[in-house]
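Index from 1, following the sequence. As the structure lists them, so they are numbered: ligands from 1, and atoms in each ligand from 1.
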Amino acid sequence: MAAEIIDGKAFAADVRGRVAQHVAELKSVHDIVPGLAVVLVGEDPASQVYVRNKHAQTIEAGMESFEHRLPADTPQNELLDLIEQLNTDSRVHGILVQLPLPPHLNSELVINAIAPAKDVDGFHISNVGLLGTGQKSMVPCTPLGCLMLLRDRLGSLSGKDAVVIGRSNIVGKPMAQLLLRDSCTVTIAHSRTKDIEEVCRRADILIAAVGRPEMVTGEFVKPGATVIDVGINRIPAPEKGEGKMRLVGDCHFESCAEVAGAITPVPGGVGPMTIACLLANTLTACCRAHRLPEPEGLTA
Ligand code: GUN
């Protein structure tokens, strides 16, 4: 194996430490405590795990955490009323509505009801537009985490060939916008892309965000490239025992690592960066709300 393994777990711990330090300063100098509200509708088991982790890490960073757990059959108007209440609550600087929402709720309407300045997911249409036009916005957490890892390893990204596999609103599209803003030459590849292996082999930076277990093999990777694996897929692991599962990324780790210069593992790569960046975004939103300088190195 040739590639350096990018330790997202350690990097995320460092980000959380820097956030906690800023939070402590805000408290002692300005008597301000950043607050994050997380709204969970229904009982989706994966969402419950995420929300529990978010709560614990928010508290650990010294912030206030407001959790709102609503039943799966909550009417849309009730959810919108709660968001309106959080929009006007001065203790709340960030609002996150955990996705996916139950099918009777209109996710777009709900997300667009969040005050853009408190939209720490960066999913509100205003933030999407601001990012696309190169203006100051809230940036989606997972792409922000990938960008931090890339800048840390590569320094300037200017002039690099970047290929993003996947065109989701949560990762692929905002990732491409961020790379473009850092002056990469950006290609978005997806399920209909012709000769996808060849397209990917041009990339100095390859971001895999398709949600297909181990789809990206060493054949997709240019020698020396930096590979960022955003996928988190659970697949059967009969070698661990009957009914057991294991986590894999969108990249086939062993074959990619033989060719790449550096690669993020799954687990322990991009995953831990997402919540760290959520905390960073909440701190940023709090600083902006109070017209204080933004923390350096924790924004896009
Ligand atoms: N569900 C899975 N990932 C995310 C995320 O980044 N934000 C929200 N709101 N829900 C999610």
Side-chain angles (χ1 to χ4, degrees), residues 8 12 15-16 35-58 65-70 72 74 76 79-80 82-83 86-87 92-103 105-128 131 137-149 164 166-175 177-178 207-211 228-234 247 249-250 266-267 269-282 284-285 300:
V15 169
R16 291 199 305 273
L36 172 65
V38 173
V39 180
L40 174 62
V41 186
E43 319 255 299
D44 178 66
S47 292
Q48 288 188 336
V49 174
Y50 285 136
V51 168
R52 211 176 308 131
N53 288 339
K54 281 170 192 165
H55 175 74
Q57 294 187 25
T58 306
S65 172
F66 305 94
E67 251 188 56
H68 296 268
R69 290 171 181 263
L70 306 178
T74 299
Q76 182 147 294
L79 179 56
L80 292 174
L82 171 61
I83 291 173
L86 297 172
N87 282 345
V92 173
H93 303 95
I95 302 169
L96 179 145
V97 176
Q98 185 68 31
L99 300 175
L101 286 171
L105 296 171
N106 180 336
S107 301
E108 285 174 2
L109 198 90
V110 169
I111 296 302
N112 289 331
I114 297 172
K118 296 190 177 188
D119 167 38
V120 282
D121 258 330
F123 295 165
H124 189 288
I125 189 70
S126 294
N127 282 316
V128 176
L131 178 62
S137 67
M138 295 307 301
V139 174
C141 304
T142 301
L144 177 57
C146 295
L147 186 74
M148 285 184 186
L149 294 175
V164 180
R167 52 178 158 174
S168 73
N169 292 332
I170 292 180
V171 182
K173 286 182 205 158
M175 188 74 246
Q177 294 287 7
L178 287 172
I207 314 264
V210 262
I228 305 286
D229 190 350
V230 181
I232 300 177
N233 310 289
R234 228 168 265 282
L247 279 186
D250 290 347
V266 177
V270 173
M273 290 298 291
T274 298
I275 298 183
C277 287
L278 174 67
L279 302 180
N281 276 351
T282 305
T284 300

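Atoms of ligand 1 found under 4.0 Å from any heavy atom of Val97, numbered from 1 in the order shown, are 8 (C), 9 (N). For ligand 1, the atoms sitting less than 4.0 Å from at least one non-hydrogen atom of Leu96 are 9 (N), numbered in the order shown with element in parentheses.
For the pair Asn169/Val128, no side-chain contact is recorded, criterion being any heavy-atom separation below 4.5 Å from C-beta on. Looking at Val39 and Leu86, their side chains come closer than 4.5 Å, going by heavy atoms from C-beta outward. Considering only heavy atoms from C-beta on, Leu247 comes within 4.5 Å of Arg234 through its side chain.
Of all protein heavy atoms, the one closest to atom 10 (N) of ligand 1 is Leu99 N, 3.0 Å. Protein heavy atom in closest approach to atom 8 (C) of ligand 1: Asp121 OD2, 3.3 Å.
Within a 6.0 Å radius of CD in Glu43, other residues, nucleotides and ligands contribute 12 heavy atoms or fewer.
Between the side chain of Asn281 and the backbone N or O of Val139 there is at least one donor-acceptor pair closer than 3.5 Å.
When distances from atom 1 (N) of ligand 1 to the protein are checked, a heavy atom turns up under 4.0 Å.
Here's the thing with Gln98: one of its N/O atoms is less than 3.5 angstrom from an N/O atom of ligand 1.
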